[in-house]
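Below: one structure, written as structure tokens.
Here is how names work: the chains are called A, B, and so on, in the same order as the sequence lines, proteins then strands, and each is numbered from 1.
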Protein chains: 2
Amino acid sequence: MGRPKQFDEEAAVAQAMEVFWTNGYAGSSPAELAEAAGIGKGSLYHAFGSKRELFGRALELYDRAGAAFAEEFLAAPGSTKERVRAYLRLLVDVDFDAPVRRGCLAVNTALELGGRDEGATAAVRRAVERSADLLAARIERGKLDGDVPAAVDATEQARFLMVTLAGLRVTARIFDRETVHAAIDTAVAHL
Amino acid sequence: MGRPKQFDEEAAVAQAMEVFWTNGYAGSSPAELAEAAGIGKGSLYHAFGSKRELFGRALELYDRAGAAFAEEFLAAPGSTKERVRAYLRLLVDVDFDAPVRRGCLAVNTALELGGRDEGATAAVRRAVERSADLLAARIERGKLDGDVPAAVDATEQARFLMVTLAGLRVTARIFDRETVHAAIDTAVAHL
DNA sequence: GTAGTTCTTGAACCAGAGGTCAAATACGTG
DNA sequence: CACGTATTTGACCTCTGGTTCAAGAACTAC
């Protein structure tokens, strides 16, 4: 039945994610997206319907991949404070080491589409909540490990860390690595 | 000499600032900018040269106005913690009360142009540093007032507050007022 | 009034955006 | 092999963006 798909849809979404991440939603043209995926514009529209829907898929992928990574990274050996500090540093360092500073797709999207596009807003909110939950779980574990004072409100701290993380991503776009690292140290000192 | 200007240049910049603030740099068309300023497109180009130059003027105005406001607000009576908390709350509340959530022009610009446009990046950096200096000065005063422990590093805390503020601006785009207020309380608790 | 200068304006320009479509292509089935 | 179906493609369409420009309008100096 019918001609078989000549490309992997998930791979195309992954490529699209890179483009959106680098250039933003409005800044990514169908032509670029199609070229990055190695297919024609027509195929892209046939497979995904619209640029907006493709973006939705890209956001979803970003969320899943990010959460999987965070879960694994936070579980590695070390104290809570050490792990959280390493996590924050890694995220900004990846950006500093990259050829082009693109920040975080979720943060970028929050600013570009937050409040204007209901679906995108909700998707970003879900992604942030998911990461906050992972951090909260890690802090709770820290309490069991005797790492973190029992009086600490894990959820509150986790949410605040997500706010801080967003701020770090923004700051990393305009300041240098040392400045951002210093801010991270201040942030985790409070834990 | 020649026909007199029929509009106030500074007022036009102020209107442009509003448009850029609401729609972003790329999202603001010359047509919109001209209409907001109440002049023709040609006049706009005659007076400002290009969209980019007009944006530079708008950023400059935003910086000046923001710094003037912060200076006055932080100097009002109250403890350091109270004033800083009120400052952060005011900034996000203005956004929540506005018909459309537009965040902070400096943060928006950091994300949209940071790393891509050298001039814009530097302008935002200057604006952030200026605000950080005002906060640091307020914290130093707090030390004199006996408000803030003498051991606190005012510069470090001020920089961290700016990171937090950026994060709050991002968060305010996707979460509700209560969530953001809670984050502010967590932030100032550390002071 | 004429000249010279500066400002204003809408029309016009080109490039690129987002999206559609008819034709061509590759499969399974009878 | 003919046929129905699903996919691919680049040409094509319309709309808007950022910018330029020629013409006119308002002023000063002579």
Length of the [atom1]-[atom2] vector between [X] and [N], whole Å:
X	N	atom1	atom2	answer
A/L54	C/dG19	CG	P	11 Å
A/D8	D/dT8	CG	P	12 Å
A/N23	C/dG18	CG	P	11 Å
A/L33	C/dG19	CG	C1'	13 Å
B/L44	C/dC7	CG	P	14 Å
A/H46	C/dA22	NE2	P	15 Å
A/Y45	C/dG19	OH	C1'	5 Å
B/E35	C/dT8	CD	P	17 Å

message: I'd like to check B/R102 versus B/F20 (side-chain heavy atoms, cut-off strictly below 4.5 Å). Are they in contact?
response: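 A side-chain contact under 4.5 Å is absent here.
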- prompt: According to the interplanar angle, ranging from 0 to 90°, do the rings of B/Y62 and B/W21 count as parallel (below 30°), tilted (30 to 60°) or perpendicular (above 60°)?
  reply: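 Rings of B/Y62 and B/W21: perpendicular, as their planes differ by over 60°.
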message: Base, sugar-phosphate or nothing for B/S29? Non-hydrogen atoms, less than 4.0 Å.
response: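 Touches sugar-phosphate only.
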message: Over all strands shown, is B/F48 touching base, sugar-phosphate only, or nothing at heavy-atom distances under 4.0 angstrom?
response: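 Result for B/F48 = nothing.
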query: So which one's nearest nucleotide on DNA chain D is more toward 5', B/R52 or B/P4?
result: B/R52
message: Go nucleotide by nucleotide along DNA chain D from the 5' end; which of B/G42 and B/G27 gets its closest nucleotide reached first?
response: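 The residue mapped nearer the 5' terminus is B/G27.
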A/R3 (side chain) and D/dT8 (base): donor-acceptor pair under 3.5 Å: no
message: Any N or O donor-acceptor pair under 3.5 Å from the base of C/dT6 to the side chain of B/K5?
response: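 When only heavy-atom distances are counted, B/K5 does not reach the base of C/dT6 through any donor-acceptor pair under 3.5 Å.
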query: Is it true that B/D147 and B/K81 have a side-chain N and a carboxylate O under 4.0 angstrom from each other?
result: no
message: What I want to find out is whether B/E60 reaches B/R64 closely enough, with some N-O distance under 4.0 Å, to be called a salt bridge.
response: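 Salt bridge present between B/E60 and B/R64.
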- request: Tell me which nucleotide among C/dG18, D/dG18, C/dC7 gets nearest to the side chain of B/P30.
  value: D/dG18
field: Face-on cation placement of A/R101 at A/F96 ring, 6.0 Å and 45° thresholds
entry: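 No - A/R101 does not lie over the ring of A/F96 by the 6.0 Å and 45° rule.
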A/S43 or A/S28, whichever maps to the more 5' nucleotide of DNA chain C: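 The answer here is A/S28.
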